[in-house]
Amino acid sequence: MSDESSPPQEQVTETSTAKSAFPFRPGKAVVLFAVCMGMLIGIGFFTFGYGKGASYLSNNPQTCANCHVMQSHMDSWQQSSHHAVAVCNDCHLPHYFLGKWVTKADNGFFHSLAFTMGNFKDPIQIKPRNKRVTQNACIHCHQDLVHPLLPDVRGQDMLSCVHCHTSVGHAER
Amino acid sequence: NIFERQQEARTPFVKVVEVSEISTDPEPWGLNFPQQYEDYLRTVDDEYTDYGGNHALPPSKLKEHPWLKRLYAGYAFSIEYREARGHAYMLSDQEVSPRVTQVQQAGACLHCHAAIVPTYRRIGMEEAGEEVTEAALAESFDHDAVMAGFRAVSQHNYEDVLKELEKTPDGVVKAEAGDPHLGEAHPVSCIDCHDPETMAIRVTRPGFILGIDKLAKSDDPVPHLPSIQKWRDDGAQGDYDPNVHATRQELRSFVCGQCHVEYYCANKMTLTYPWGNGLKVEDLEKEWDETQFPEDADGNEGGSFYDYVHKETGTKVYKAQHPEFELWSQGIHARAGVSCSDCHMPYEKVGATKVSSHWVRSPMTNINKACQTCHHVAEQELKDRVSVIQDRTVQLIDRAADACVEMFDAIVAVQEAGATDEELEPIRDLQRKAMWRLDYISSENSKGFHARQEAARVLAESVDYARQAIAQCYRLEGKTEEEGS
Amino acid sequence: NIFERQQEARTPFVKVVEVSEISTDPEPWGLNFPQQYEDYLRTVDDEYTDYGGNHALPPSKLKEHPWLKRLYAGYAFSIEYREARGHAYMLSDQEVSPRVTQVQQAGACLHCHAAIVPTYRRIGMEEAGEEVTEAALAESFDHDAVMAGFRAVSQHNYEDVLKELEKTPDGVVKAEAGDPHLGEAHPVSCIDCHDPETMAIRVTRPGFILGIDKLAKSDDPVPHLPSIQKWRDDGAQGDYDPNVHATRQELRSFVCGQCHVEYYCANKMTLTYPWGNGLKVEDLEKEWDETQFPEDADGNEGGSFYDYVHKETGTKVYKAQHPEFELWSQGIHARAGVSCSDCHMPYEKVGATKVSSHWVRSPMTNINKACQTCHHVAEQELKDRVSVIQDRTVQLIDRAADACVEMFDAIVAVQEAGATDEELEPIRDLQRKAMWRLDYISSENSKGFHARQEAARVLAESVDYARQAIAQCYRLEGKTEEEGS
Ligand SMILES: [Ca+2]
Ligand SMILES: [Ca+2]
């Protein structure tokens with residue numbers, strides 16, 4: 001388990017500050033506003049918008065499954081080869097500071113929104129941006145091993161790890 | 001691009017020795033990459049699987065399938081036609097093949113059987129009047145010179161071009177004053193698939209570069225080749241250049257598509273990959289149908305394209321060769337983005353790193369790495385699944401072969417009974433279609449695995465055309481007899 | 001295993017009302033399981049997809065494919081033959097079909113179009129001399145009585161058996177003294193697939209129970225049905241009983257295999273599923289080839305099995321009906337353990353629970369749930385993949401149909417020219433094989449999707465046989481003309 005990448009506890013406090021700084025009022029305009037701001041500094045919105053949003057700040061996988069739509073991913077993670085070595089956040093959050101918090105805000109907001117509105121695909125379909133996050137997570141841990149797979153030259157693309165390792169994070173995927 | 005960050009992570013490999021654009025001998029590359037080199041050398045010792053793999057002397061397809069002798073009657077393939085074996089053999093197998101020793105073949109044969117690109121470059125440079133030194137030859141790929149050299153020698157005699165190979169430095173042989181022998185001829189080698197500077201994979205074969213550009217310029221939907229669609233969407237500017245436009249995953253198939261394809265290769269025109277209308281069996285057929293041989297030196301019309309005159313029946317027909325790339329293109333694996341290399345060069349863990357197995361071979365001898373990373377089912381079950389697919393295909397090949405052989409008999413009979421050329425014309429058209437389709441799948445080397453339903457469809461069509469030809473013969477026979485009586 | 005996990009999630013249900021072995025009316029079940037009932041009711045309103053789905057009035061296959069009229073000439077299917085639609089319609093569509101109103105049909109037709117099992121049980125009990133009260137009828141499944149009732153009425157007239165349905169209580173209609181109408185006739189209903197006590201899925205159809213037992217006793221390898229292999233390995237004791245031996249995942253296909261299968265259903269013998277030699281097209285054909293109709297009441301020999309005399313040619317031929325279960329069995333999905341229900345009744349989340357969609361329909365109208373659980377690719381891409389498969393199949397169906405139609409013409413011509421029955425016999429054999437194979441794939445409702453390569457293989461064989469028949473006719477014509485001249 002990658003302890004160094006787990007969010008330190010004080011971040012939660014930071015969240016409440018953000019919350020009071022951007023009071024959330026329901027209404028179309030605010031939703032729109034939130035969509036924009038959420039990308040950058042929206043850490044506060046989801047905590048407010050959805051009671052259990054704080055689960056994003058924890059590294060405990062169980063808290064992701066607070067949303068029942070996450071249950072099957074939780075189950076399949078538990079059966080995966082990685083359940084002993086990686087939790088949700090190890091794969092679904094960037095492994096560098098800024099990206100991590102942007103992603104938390106972004107996903108946190110959209111999960112809450114989607115969950116509330118119910119207008120998401122079931123089974124859930126991961127979006128390209130989040131695919132890049134998981135890809136980077138693989139590389140973060142397996143850098144040495146997969147060295148020859150990395151781009152040979154600047155700008156070259158590379159294969160997606162889950163093209164072959166489909167069930168690493170989620171069994172039977 | 002998000003991957004840019006990782007790119008920094010890739011430490012440049014340590015070159016023990018320098019390799020360059022003339023390094024056709026793999027040995028020095030092997031010093032830099034011992035694992036890949038070791039694997040590569042193992043292409044001499046594959047096992048034999050049910051329908052593929054290697055032998056000390058690969059089995060003769062003509063012996064195993066006697067109908068092939070009748071299919072190829074009048075063509076070099078009826079003299080000898082064997083199973084493929086490992087890459088290490090490609091040059092020597094060609095040199096000793098009675099198809100080459102007993103029949104005059106074209107230099108283009110070497111396009112796919114030797115590390116020939118520096119030779120093309122040298123000849124191209126010479127034609128352009130440039131001075132060719134080893135250093136100049138090693139400097140860069142020089143696309144234009146390679147293409148010029150390719151065009152220049154494709155129609156020359158095989159033996160002459162083979163000698164040209166030895167006049168090109170290979171990076172190892174030390175030239176001696178007065179000895180025209182500057183290098184050895186090598187089978188496919190590192191330089192054919194890798195940029196010697198960066199080790200990035202690339203394609204080098206003129207035939208492929210021209211063919212894939214034709215394909216890009218056609219309107220064939222190619223969902224399995226997204227970079228072509230992107231190039232089209234971006235306005236189809238200039239030429240489609242796989243080394244510029246293709247994704248890395250596409251290149252992992254393109255390197256194989258350089259050779260594992262249907263072609264024309266003889267002395268009436270330059271080596272050609274018939275992809276101008278698309279990659280399906282009927283698209284290729286259409287291109288051959290539309291092709292006219294160029295005028296000969298004396299200005300005589302070349303006439304309609306054909307590969308050989310079928311000896312038993314006198315019909316001009318097409319020969320299909322190993323269309324692995326084309327058939328793969330019709331299958332679900334291609335569609336799902338699975339490349340040739342994924343199965344035939346799977347990653348293997350060696351020490352603390354992962355490398356691509358350069359022991360290119362049948363995945364059925366390496367199921368664990370080749371299939372089980374994606375398919376989490378038992379090895380025996382995967383074998384069985386492949387058998388089901390291949391057995392069905394073989395059953396249909398036999399069915400189509402029966403029909404073709406009966407067709408030959410029927411045509412011979414009406415010819416003996418005195419049918420006119422005019423009467424025979426529609427029958428010959430059916431015959432050509434039937435033979436082309438049977439040959440297409442039987443000379444493809446996966447026995448249908450690369451695209452199971454497509455393989456069955458093509459064979460269904462073959463049977464249909466062959467039996468139509470038979471029926472027309474019988475009808476003609478009836479008429480002829482009637483008239484005769 | 002993915003299915004086990006889903007199983008764990010299941011919580012015991014609360015019964016609002018009691019249902020029992022007579023509850024053919026789904027309404028009370030609906031009180032206990034409103035979601036499933038609601039879905040079930042939606043089988044009245046499916047959309048129409050490229051090759052399937054529903055219409056207000058489903059399109060006539062005869063109009064869309066005029067050659068079908070010639071294929072079925074002389075048989076009820078040439079009067080009317082429509083696309084299938086939702087389960088809610090099965091009984092009414094049958095009742096109004098000109099195939100039923102214009103032709104005398106057998107009671108066995110209701111085996112698959114109505115919730116008929118309690119009626120079988122009642123008749124079986126009556127035959128055994130037991131007193132039949134509503135309570136006795138509701139008590140248990142009573143396998144023996146069901147089988148006896150099934151055998152008793154299968155060859156009776158359709159209308160008579162339809163009336164019998166109304167003499168069986170359905171759990172809702174309140175019997176009034178003197179009124180023989182004790183219940184309504186219902187299309188397939190909860191009780192057909194569920195144990196009313198436990199809600200476990202089960203099979204109830206005698207035709208299937210006998211058929212799958214024959215299959216288990218054959219030596220057909222059935223890698224997709226592991227419980228049959230296990231039963232064989234355990235010594236093949238007694239009968240193979242799907243309700244005892246089958247895995248839950250197998251039952252998720254068996255419930256559909258109760259009806260979506262090839263059958264014989266007319267008044268010369270009991271409803272039969274021809275699985276004694278295996279599940280492939282030629283295994284089924286072999287069983288029909290080997291079948292002799294039983295003696296009639298007067299002790300006259302029944303003669304060789306056939307479905308109808310093809311009117312144009314006078315040949316006795318077989319009719320293939322919707323072999324979805326059999327074709328699925330040859331495909332990769334079956335092999336990978338994917339059941340009918342996985343695609344046609346996928347799980348959907350309703351609130352915090354997961355239920356099986358009882359809106360049984362084309363998965364192409366529900367790709368997200370039906371396919372994307374397993375295939376993580378875009379919806380449009382999945383559609384395209386299915387289209388590629390189905391278009392190839394349709395192309396081959398058309399090819400085989402052309403051949404069959406030409407075959408009819410050729411046979412008619414030689415008959416007119418005076419060919420003898422002896423001369424015609426081998427031609428008729430080819431004709432029967434060709435028609436059987438074409439019908440097999442064209443009447444299967446997935447247009448090849450359930451087993452793409454197998455579908456193509458079967459059609460290739462159809463073309464082969466049809467064209468062989470044509471050639472033989474022409475040859476005969478030649479001869480006849482020769483003799484005549
Ligand atoms: Ca060719
Ligand atoms: Ca039938």
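Below, chains carry the letters A, B, ... as their sequence lines are ordered, and counting in each starts from 1. We use all heavy atoms of the structure for the numbers below, so side chains are in, but hydrogens, waters and symmetry mates are not.
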Trainee: Taking Thr313(C)'s backbone N and O only, do any of them form a donor-acceptor pair with Gln415(C)'s side chain (distance below 3.5 Å, no angle check)?
Mentor: yes

Trainee: If I measure from the heavy atoms of chain C, does Glu406(B) come under 4.5 Å with its side chain, its backbone, both, or neither?
Mentor: neither

Trainee: So Ser253(B) and Trp328(B), do their side chains get closer than 4.5 Å, heavy atoms only?
Mentor: yes

Trainee: Heavy-atom pairs under 4.5 Å with chain B: which of Ile332(C), Val388(C), Leu459(C) has the most?
Mentor: Ile332(C)

Trainee: Please rank Ala460(B), Ala400(B), Ala471(B) by heavy-atom pairs under 4.5 Å with chain C and give me the top one.
Mentor: Ala471(B)

Trainee: Is Thr393(B) in contact with chain C via its backbone, its side chain, both, or neither, using a 4.5 Å heavy-atom distance?
Mentor: both

Trainee: What residue in His375(C), Gln395(C), Gln472(C), Glu461(C) has the most heavy-atom pairs under 4.5 Å with chain B?
Mentor: Glu461(C)

Trainee: What do the steps show when you test Tyr440(C) against Leu284(C) for side-chain contact (heavy atoms from CB on, under 4.5 Å), and what is the final call?
Mentor: CA-CA 10 Å; Tyr440(C) 197 86; Leu284(C) 274 55; 3.7 Å; yes

Trainee: Can you say whether Ala410(C) sits under 4.5 Å from chain B via the side chain, the backbone, both, or neither, judging by heavy atoms?
Mentor: neither

Trainee: So which part of Ala336(B) gets closer than 4.5 Å to some heavy atom of chain C, the side chain, the backbone, both or neither?
Mentor: both

Trainee: Do you know which of Arg392(C), Arg457(C), Gln468(C) has the most heavy-atom pairs with chain B at a distance under 4.5 angstrom?
Mentor: Arg392(C)

Trainee: Side chain, backbone, both or neither: which part of Leu396(C) has a heavy atom under 4.5 Å from chain B?
Mentor: side chain

Trainee: Against Cys371(B), only a single residue in Val386(B), Asp342(B), Leu382(B) fulfils side-chain contact (heavy atoms from CB on, under 4.5 Å); can you say which?
Mentor: Leu382(B)

Trainee: Looking only at heavy atoms and a cut-off of under 4.5 Å, which of Ala456(B), Ala403(B), Pro223(B), Ala466(B) has the most pairs with chain C?
Mentor: Ala456(B)

Trainee: So Trp67(C) and Ile397(C), do their side chains get closer than 4.5 Å, heavy atoms only?
Mentor: yes

Trainee: Testing the 3.5 Å rule here: is there a donor-acceptor pair between the side chains of Thr315(C) and Arg428(C)?
Mentor: yes

Trainee: Can Arg70(B) be said to sit on top of Phe408(B)'s aromatic six-ring, NZ or CZ under 6.0 Å from centre and within 45° of the ring axis?
Mentor: no

Trainee: Top residue by heavy-atom pair count (under 4.5 Å) with chain C, among Ile389(B), Asp384(B), Val377(B)?
Mentor: Ile389(B)

Trainee: Answer with side chain, backbone, both or neither: which region of Gln330(C) has an atom nearer than 4.5 Å to a non-hydrogen atom of chain B?
Mentor: both

Trainee: Should Met407(B) and Gln431(B) count as side-chain neighbours, where that means a heavy-atom distance under 4.5 Å?
Mentor: yes

